[in-house]
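These numbers come from a predicted model, not from an experiment.
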Amino acid sequence: MNYYVGIDLGGTNVRIAKVDEEGNIVQDVIAPSRGKEGPEIIEANILELLGQFDLNDVKSIGLAIPGPVDGERNVITIATNIPGCEDYPFAENMEKITGIPIYLDNDANAAGLAEALLGSGKGYHIVYYLTHSTGIGGALVIDGKVISGHKGYAGEVANVIVDPDAKRYPVY
């Protein structure tokens, strides 16, 4: 049987799960992400947590990031919740160390794809996924593929005003 690892990196916590082909979790861990300590510390923390897993039968690793991702370069473009991580080569570095292909994407896109393939969206031609935690994100999945667009913003709900009196932040 093939196994896969999913890593959900947030500003507060990092969650890692090893799953089988049907999406059943066979092992998982949650720990502080150390998100404010810089990319090298975050990466070392993730690699230490991955050391708790048997990776010999793992085919690939997905790394979900809270922010836009440049899919061609496999890097984060804006990292509001994990400062200093813009353009840091997490995927490239971790792939060299583990020897396992690493795929980087926005956390809402990763969650939306999982929902479309294995969750309540399974069997539907079009799935739109909306997430709400520290921020609000969206993902558009058509025929089992995330529609990211040229800059990675397709499917995003963008700067939706929830509280008209809230402080405004610049749009990048």
Side-chain angles (χ1 to χ4, degrees), residues 3-21 23-37 39 41-50 52-53 55 58-95 97-98 100-122 127-141 144-149 151-158:
Y3 293 91
Y4 305 88
V5 169
I7 302 170
D8 180 15
L9 175 62
T12 305
N13 291 308
V14 60
R15 293 168 176 83
I16 303 176
K18 181 177 179 180
V19 299
D20 64 20
E21 293 170 332
N24 300 306
I25 297 173
V26 296
Q27 184 180 0
D28 65 338
V29 65
I30 182 172
S33 66
R34 303 180 69 182
K36 305 289 185 226
E37 297 181 45
I41 301 297
I42 294 168
E43 180 179 84
N45 185 40
I46 291 171
L47 289 167
E48 182 179 326
L49 293 168
L50 280 174
Q52 299 177 27
F53 292 75
L55 300 177
V58 171
K59 299 300 177 194
S60 62
I61 297 174
L63 178 56
I65 302 294
V69 169
D70 180 334
E72 290 179 19
R73 296 185 305 129
N74 216 17
V75 296
I76 303 167
T77 56
I78 299 172
T80 307
N81 294 348
I82 45 176
C85 293
E86 295 86 354
D87 293 319
Y88 187 80
F90 281 111
E92 181 182 334
N93 292 348
M94 292 172 52
E95 196 168 300
I97 292 168
T98 65
I100 301 169
I102 310 271
Y103 300 95
L104 186 70
D105 205 345
N106 169 269
D107 55 359
N109 287 347
L113 181 61
E115 193 66 41
L117 297 178
L118 301 168
S120 61
K122 187 175 182 176
V127 174
Y128 186 77
Y129 182 85
L130 189 64
T131 182
H132 180 266
S133 59
T134 304
I136 300 172
L140 176 60
V141 182
K145 295 181 178 135
V146 174
I147 307 303
S148 297
K151 297 280 188 180
Y153 290 103
E156 280 296 343
V157 291

For [X], give me all partners under side chain to side chain contact (heavy atoms under 4.5 Å, CB included), at least two apart in sequence or on another chain.
| X | result |
| --- | --- |
| P83 | K36 |
| K122 | none |
| E21 | M1, N2, Y4 |
| N24 | D20, E22 |

Sequence neighbours excluded, the answer for side-chain hydrogen bond (donor to acceptor under 3.5 Å, both in side chains) partners of E37 is R34
Sorted by chain and number, sequence neighbours left out, side-chain hydrogen bond (donor to acceptor under 3.5 Å, both in side chains) with Q27 holds for none
Can you name the closest pair of heavy atoms from [X] and [Y] and give their distance?
| X | Y | value |
| --- | --- | --- |
| Y103 | S60 | CE1-CB, 3.7 Å |
| I78 | E86 | CA-CG, 4.1 Å |
| M94 | L50 | CE-CD1, 4.1 Å |
| P66 | N81 | CB-ND2, 3.9 Å |
| I82 | I65 | CD1-CG2, 4.2 Å |
| L63 | I102 | CB-CG2, 4.4 Å |

For Y88, the ring-ring contact (aromatic ring centres under 6.0 Å, His included) test, sequence neighbours excluded, returns F90
With sequence neighbours left out, the residues meeting ring-ring contact (aromatic ring centres under 6.0 Å, His included) with Y3 are none
- Taking D70 for the side chain and T77 for the main chain, is one N or O donor matched with an acceptor at less than 3.5 Å? no
Item to complete: Please check if the side chain of N106 supplies one atom and the backbone of A139 the other of a donor-acceptor pair under 3.5 Å.
Response: no
Return all side-chain donor-acceptor pairs below 3.5 angstrom for residues 107-116, not counting sequence neighbours, or 'none' if the list is empty.
from, atom 1, to, atom 2, distance (Å)
N109, ND2, D105, OD1, 3.2
E115, OE2, S120, N, 2.7
E115, OE2, S120, OG, 2.8

Applying salt bridge (Lys or Arg N to Asp or Glu O under 4.0 Å) to E92 and not counting sequence neighbours gives K96
Contacts of D87 meeting salt bridge (Lys or Arg N to Asp or Glu O under 4.0 Å) (sequence neighbours excluded), chain-then-number -> R73
When rounded to the nearest 0.5 Å, the distance separating CZ of F53 from OG1 of T98 is 13.0 Å
Can you give the donor-acceptor pairs under 3.5 Å from side chains of residues 6-19 to other protein atoms, not counting sequence neighbours?
from, atom 1, to, atom 2, distance (Å)
K18, NZ, D54, O, 2.7
K18, NZ, D57, OD1, 2.8

